[in-house]
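What follows is a set of notes on a single structure, which appears directly below.
No experiment lies behind these values; they were computed from the predicted model shown. All ligand and atom numbering here is 1-based and tracks the order in the structure.
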Amino acid sequence: MIEYENLQKLNKPFFEEFTNSFKATLNSGWYILGNNVKQFEKQFATYCGTKYCVGLNSGLDALILSIKSFDFPKNSEIIVPSNTYIATILAILHNQLIPVLVEPDIKTYNLCPNEIKKNITKNTKAILPVHLYGKVAEMDEIIEIAKNNNLKIIEDAAQAHGAKYKNKKAGNFGDIAAFSFYPTKNLGALGDAGAITTNSDEVYEKIIALRNYGSLKKYNNKYIGFNSRLDEMQAGFLSIKLKYLDNINKHKRQIANIYDTYLSDNFAKPEKSTNYHDVYHIYNIRHKKRDELQKYLLKNLIKSEIHYPIAPHKQTAMQGLFNDKYAISEEIHNTTLSLPISYFHTEKDIMKTCEVLNSYLKI
Ligand SMILES: *Cc1c(COP(=O)(O)O)cnc(C)c1O
């Protein structure tokens with residue numbers, strides 16, 4: 001069986017270093033907001049090329065706090081891709097603001113600049129591009145639109161650790177960026193974890209307070225804050241994993257290259273372009289008979305996944321919120337299929353997957 005993902009196998013090469021870090025943290029007796037968190041924040045900011053990183057307890061919280069930090073007035077609208085993972089939209093709703101779903105480009109799966117322009121109103125306060133599947137959104141044009149309309153940019157970089165656009169890394173394009181270190185992400189912890197990156201002193205200070213009850217000075221509460229701290233154990237593991245992130249991304253890019261080369265063009269494959277350095281959190285193809293194809297793969301002992309099976313506007317939790325039709329998003333949700341692309345997969349696994357997929361076209 002070729003698995004889609006296996007976190008034990010993915011992390012196996014790091015077990016010894018993780019164990020040493022666990023013991024050191026255990027022995028330190030310091031488990032919250034200590035040296036591990038400080039060190040990881042410094043390292044991840046350096047990696048992204050940003051002035052600051054703040055460790056938080058999840059990607060969803062990173063998005064919620066990012067939006068919160070701007071104190072947008074009631075009824076403000078935030079533009080978000082209609083095909084994103086639900087967390088992006090939840091973060092807007094938890095701030096009591098209005099998510100405006102905008103259709104993506106069917107080739108890049110990312111926000112389409114022309115569609116953004118059409119959806120700007122007097123209430124629009126921010127654009128929330130999602131660097132989906134590990135490809136940075138069309139940031140030059142998005143930054144231009146934001147400037148012309150006085151909008152903030154909040155990046156959802158949860159799937160794009162190390163991804164680049166014109167040689168600049170995800171997390172370094174907006175006013176703030178949210179990252180997730182959920183175990184399956186390119187940079188994954190051994191539990192829940194997240195972070196923001198920013199180049200703004202003001203935003204940095206606000207997030208530092210918001211993650212810790214709104215307090216900058218102990219028992220002095222400046223804001224209505226949260227408890228959303230990255231813990232010392234996870235920070236220790238993340239510092240280790242960060243050293244290998246470029247290797248992990250390189251491995252995923254090599255796998256993507258095999259799919260690009262050997263998979264039939266009858267499958268819609270991810271777009272590649274010279275301005276982009278994609279990190280393939282997910283390698284997806286699209287096919288009209290997606291469900292049948294997935295069954296055929298499983299019959300041939302290959303597991304695949306669907307990211308995502310239900311469009312956000314069709315979720316039960318979102319009933320009554322979105323009245324428009326989102327045809328491109330629905331097309332993606334109905335036809336997309338994610339292929340194995342983990343750090344532990346071998347060239348042989350991927351060649352076998354290509355062979356089985358191509359053979360489906362002949363039946
Ligand atoms: C994983 C993910 C999140 C949420 O991160 P968590 O750490 O699971 O809360 C948000 N946005 C996107 C695009 C994601 O892939």
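Checked against a 6.0 Å centroid threshold, the rings of Tyr280 and Tyr259 do not count as neighbours. Residues His307 and Tyr85 keep their aromatic ring centres 6.0 Å or farther apart. For an aromatic pair to be called close, the ring centres must be under 6.0 Å apart, and Tyr165 with His277 fails this.
The shortest N or O to N or O distance between Leu63 and ligand 1 is not below 3.5 Å. Annotation: Gln159 places an N or O atom under 3.5 Å from an N or O atom of ligand 1; distance criterion only.
Near Val130, with a cut-off below 4.0 Å to any heavy atom, the atoms of ligand 1 are 13 (C). Close approach of ligand 1 to Gly59 is summarised as follows: ligand atoms under 4.0 Å from at least one heavy atom of the residue are 5 (O), 6 (P), 7 (O), 9 (O). Contact atoms of ligand 1 toward Ala158: 2 (C), 3 (C), 10 (C), 11 (N), 12 (C), 14 (C), 15 (O) (distance under 4.0 Å to a heavy atom of the residue). Close contacts between ligand 1 and Ala87 involve ligand atoms 3 (C), 4 (C), 10 (C) [criterion: under 4.0 Å to a heavy atom].
For Lys303, the NZ atom is loosely surrounded, since the number of other residues' heavy atoms within 6.0 Å does not exceed 12.
Checking side-chain atoms of Glu232 against main-chain N and O of Ile32 turns up no donor-acceptor pair under 3.5 Å.
For Leu60, heavy-atom contacts with ligand 1 shorter than 4.0 Å involve the backbone as well as the side chain. Only the side chain of Lys185 comes within contact range of ligand 1, with a heavy atom under 4.0 Å; no backbone atom does.
Assignment of His131 to the shell around ligand 1 is not supported, since no heavy atom sits closer than 4.0 Å. Within the 4.0 Å heavy-atom shell around ligand 1 one does not find Asp192.
The closest protein non-hydrogen atom to atom 11 (N) of ligand 1 is Asp156 OD2, 2.8 Å.
Residue Leu101 comes nearest to His313 through the heavy atom pair CD1-CB, 3.9 Å, listed as atom of the first residue, atom of the second, then distance. Minimum heavy-atom separation, Thr50 to Thr198: CB-O, 3.9 Å.
Under a 4.0 Å N-O distance rule, the pair Glu41/Arg211 qualifies as a salt bridge.
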